[in-house]
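Because the structure is a prediction, the values reported are computed rather than measured. We name chains A, B, ... by the order of the sequence lines, and we start the count at 1 in each one.
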Number of protein chains: 2
Amino acid sequence: MSNATIKDIAKAANVSVATVSRVVNNGPKVGPETRARIVDLIETMGYRPNINARSLVTNKSSTIGVVIPDVADPFFAALANSVDKVARQHNTQLLISTGQLSADSELEAIKLLLQQRCESIVIHSKLIPNETLIKLFNDNPNFVLINRYIEEIAHRCIWLDNIEGGKIAAKSLINCKHLNIACILSNYDIEDPSLRLKGFTEQLKESNQDIDQKLVVYAEPTLQGGEAATQQLLAANTPFSAVFVYNDAMAIGAISTLEDNGFSVPKDVSVIGCDDVLLSRFSRPKLTTLQYPIETMAHHAAKLSLNIAVNVDDCQPQDASHPSPDILPSLKYTPVLIERESTAIKTD
Amino acid sequence: MSNATIKDIAKAANVSVATVSRVVNNGPKVGPETRARIVDLIETMGYRPNINARSLVTNKSSTIGVVIPDVADPFFAALANSVDKVARQHNTQLLISTGQLSADSELEAIKLLLQQRCESIVIHSKLIPNETLIKLFNDNPNFVLINRYIEEIAHRCIWLDNIEGGKIAAKSLINCKHLNIACILSNYDIEDPSLRLKGFTEQLKESNQDIDQKLVVYAEPTLQGGEAATQQLLAANTPFSAVFVYNDAMAIGAISTLEDNGFSVPKDVSVIGCDDVLLSRFSRPKLTTLQYPIETMAHHAAKLSLNIAVNVDDCQPQDASHPSPDILPSLKYTPVLIERESTAIKTD
DNA sequence: CAAATAAGGTTAAACGTTTACCCTTTTAAT
DNA sequence: ATTAAAAGGGTAAACGTTTAACCTTATTTG
């Protein structure tokens, strides 16, 4: 019933398999009444083409792969979801493979996807070495790298300007007159935290401010990590009136811990996050954060990977305050500061 | 290079394809030195079997499908993640297909997965009619339904006792002396909200309490939905001192709106959520909620679907206060109340 | 009215595996 | 010394498609 093959249909319709194949694929060379008859049969016999057989001969899979560390993380889930939307618009099936934040797993995930004959893959990899990736990308013209920049394959990297992000955060905190500023960063061995820190400290230096090394702490980029990092900060006993946090989850964990310890946000300490996940609009206090346009970026990446013309409108909107320096669609995205309630001008 | 076929290996090793196939699949009938030689060649020539060709002949896919409404929802992401963990333990690739909360899409998603030759599928469907599902399950012995109970296929349904959940919530609120209790429910056309409401009102009746129909409102089960529902509640101008909310996202949206309107939680109104997503431990105030053991359930579902013996330890722990009535591993799970800070005994 | 073209098909090879069945050589048992 | 069995390996069909190449019958063109 559900496993009728093309031959069964051909026999029932009294035509060759080629003809059936043509109606299935909307090919030419088949008369209207024959087509109608076959369409009918396909419907009533519940025929569905065997993807494997098809892929075997066409060497295509109608499948787009996504490699992310973890499906459960909202940030990566948003990424995958965005790719999924593009995929379903183009009759493409989404395949997700998780890299678990280990170089071996990431590579394994890619190979798995390759084995499934995905010709397009959007890869979020932080741990595979540049050279390996470059080699991989040279063999596979439809791979796209998201959230990472490698010069040699720059035209297939969709990335966020982390340095600029750090600068924007610093500017905002400086404007609020903060002098003792802490940093909570991810302890994952990836470049994002250090780039953000770099931009942040550079900007601080422009105002002749320096960052106290005791005030930069590292932890897992999760709610719990934010909690742990904040406890560490508190234990150091070095006063601070503001903290720049690696992501929103950590920021919310930080706020939670701060308040548990009698500090009010933003009265006693200002907190600025990064990512602008949906939640940051609903936390108490509402979170000031750097918007990471991951959905747009993932959308862009998916289209690039599928070789679909990228519509300028789909990309980061030209913002008067943050004009993109490149011709659109640019592969570089810049975060935008979203000011809400967790930051304030320093009092006392 | 990366697309060497089994024939290439055979030629290089000076053996037949059958022999190569045997070493790839750890089959018998191949001598140790031949095996070593072939393994070597496979490595150096970067051979990876073509999954499509293999599936075509074996009619198996080493793939487990998951149908969920949406990847971006943390609840479903947790579900998928849990299935993924089981899958990778058993060398199985995860395939996610999204149902978008429409019966047609859900069915389409299943068919897509079937077309990819997934023999095992974990399905989260709320909208496909019972009969359709029953038929589908009779044809496909490895399908498992999660978060829904259909009597005819009960042995393949992993579900949560929503009625009991409603009762537990009601008891807790009654214990806190609340008399005017509101309900915020999902407006999706699924049975969960009505079952929870049913349990809730039944329990209320046992204490001779009744629920004011003006105090039960419906909205999207999201942060924004919680916001909207609460505004509706506030607009009705009927006082209430507690609210039972369909899920944690809505609950957090509700708290946010309540506080924006000058009500303090839990002083002025108690809020009880449902799901116990990670976030509920980090919201302000920390959320009292019904724990929905979705990870365990999904783990269980994945194993059931893959025909893997389900370990009793993996299932819901026997809790003295909530003994499971069935022999473990039970397919029915019961939510557990997690009391945190968003509920309190009624004052004034 | 012949020739050219279009329309609607068919045939068969190819895709890369797995596996039942067959064959040969070596080893063990009598 | 014979024979049986075991070990190691080869052959070829089959899985369900797509598609180039070919064929036949109308239809158009000059």
Side-chain angles (χ1 to χ4, degrees), chain A residues 1-39 41-42 45-63 91 93 111-112 114-119, chain B residues 1-39 41-42 45-63 91 93 111-112 114-119:
Chain A
M1 147 118 353
S2 62
N3 18 17
T5 76
I6 200 172
K7 285 182 193 164
D8 300 328
I9 304 290
K11 201 167 295 171
N14 223 356
V15 296
S16 74
V17 294
T19 303
V20 178
S21 177
R22 288 197 186 100
V23 356
V24 170
N25 298 296
N26 287 315
K29 303 216 251 190
V30 26
E33 67 302 339
T34 313
R35 187 180 295 269
R37 187 156 40 97
I38 294 178
V39 166
L41 252 2
I42 287 179
M45 299 178 66
Y47 167 71
R48 295 227 140 212
N50 183 319
I51 288 283
N52 294 123
R54 174 182 291 174
S55 298
L56 184 56
V57 26
T58 60
N59 212 20
K60 301 233 151 70
S61 65
S62 309
T63 265
N91 290 319
Q93 166 71 16
K111 290 199 173 160
L112 218 58
L114 231 27
Q115 198 170 177
Q116 306 273 351
R117 261 56 198 180
C118 299
E119 53 278 350
Chain B
M1 145 116 357
S2 62
N3 19 15
T5 77
I6 199 171
K7 284 181 193 165
D8 301 329
I9 305 292
K11 201 167 294 171
N14 223 355
V15 296
S16 74
V17 293
T19 302
V20 178
S21 176
R22 288 191 188 106
V23 354
V24 170
N25 298 295
N26 285 316
K29 305 216 254 189
V30 25
E33 67 300 342
T34 313
R35 186 180 297 268
R37 185 157 40 98
I38 295 179
V39 166
L41 253 1
I42 287 179
M45 298 178 68
Y47 167 71
R48 294 228 140 210
N50 183 320
I51 288 282
N52 294 123
R54 174 182 291 177
S55 298
L56 183 56
V57 26
T58 61
N59 212 22
K60 302 232 150 68
S61 65
S62 310
T63 265
N91 290 318
Q93 166 72 13
K111 290 198 172 160
L112 218 59
L114 232 26
Q115 202 170 175
Q116 305 272 352
R117 260 58 197 178
C118 299
E119 53 279 349

Give the minimum heavy-atom separation between [X] and [Y], together with the two atoms involved.
X: A:Arg48; Y: B:Arg117; result: O-NH1, 4.4 Å
X: A:Glu119; Y: A:Lys60; result: OE1-CA, 3.8 Å
X: B:Ser61; Y: B:Gln116; result: CB-O, 3.8 Å

Would you say [X] reaches [N]'s phosphate, i.e. side-chain N/O to OP1/OP2 under 4.0 Å?
X: A:Ser16; N: C:dT10; result: yes
X: A:Asn52; N: D:dC15; result: no
X: A:Thr19; N: C:dT10; result: yes

How long is the line joining [atom1] of [X] and [atom2] of [N], in whole Å?
X: A:Asn50; N: D:dG16; atom1: CG; atom2: P; answer: 7 Å
X: B:Ile42; N: C:dG16; atom1: CD1; atom2: C1'; answer: 14 Å
X: A:Ile51; N: D:dG16; atom1: CD1; atom2: C1'; answer: 12 Å
X: B:Ile9; N: C:dT17; atom1: CD1; atom2: C1'; answer: 14 Å
X: A:Asn14; N: C:dG9; atom1: CG; atom2: P; answer: 11 Å
X: B:Ile38; N: D:dG10; atom1: CD1; atom2: P; answer: 8 Å
X: B:Lys7; N: D:dG10; atom1: NZ; atom2: P; answer: 16 Å
X: B:Arg117; N: C:dT18; atom1: CZ; atom2: P; answer: 18 Å

Identify whether any heavy atom of [X] sits under 4.0 Å from a base atom; if not, whether one sits that close to sugar-phosphate; answer base, sugar-phosphate or nothing.
X: A:Asn25; answer: sugar-phosphate
X: B:Thr58; answer: sugar-phosphate
X: B:Val24; answer: nothing
X: B:Ser21; answer: base

From the list A:Ile9, A:Val30, A:Ile38, side-chain contact (heavy atoms from CB on, under 4.5 Å) with A:Val15 holds only for A:Ile38
Return the nearest nucleotide to the side chain of [X]; candidates are [options].
X: A:Val57; options: D:dG10, D:dG8, D:dG16; answer: D:dG16
X: A:Val30; options: C:dT19, C:dG9, D:dT17; answer: C:dG9
X: B:Arg54; options: D:dG9, C:dT18, C:dT10; answer: C:dT18
X: A:Ile6; options: C:dG16, D:dT18, D:dT19; answer: D:dT18
X: B:Val17; options: C:dG8, C:dT18, D:dG9; answer: C:dT18

Assert: residue with more 5' nearest nucleotide on DNA chain D, out of B:Thr34 and A:Arg22, is B:Thr34
A:Lys29 (side chain) and C:dG9 (base): donor-acceptor pair under 3.5 Å
yes
Original post:
Can you find a donor-acceptor pair, distance only, under 3.5 Å between B:Arg35 side chain and D:dG8 base?
Top reply: no
So how far is it from A:Leu56 CG to A:Ile51 CD1, rounded to the nearest 0.5 Å?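 CD1 of A:Ile51 is found 12.5 Å from CG of A:Leu56.
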Rounding to 0.5 Å, atoms SG (A:Cys118) and CD (A:Gln93) come to a distance of 9.5 Å
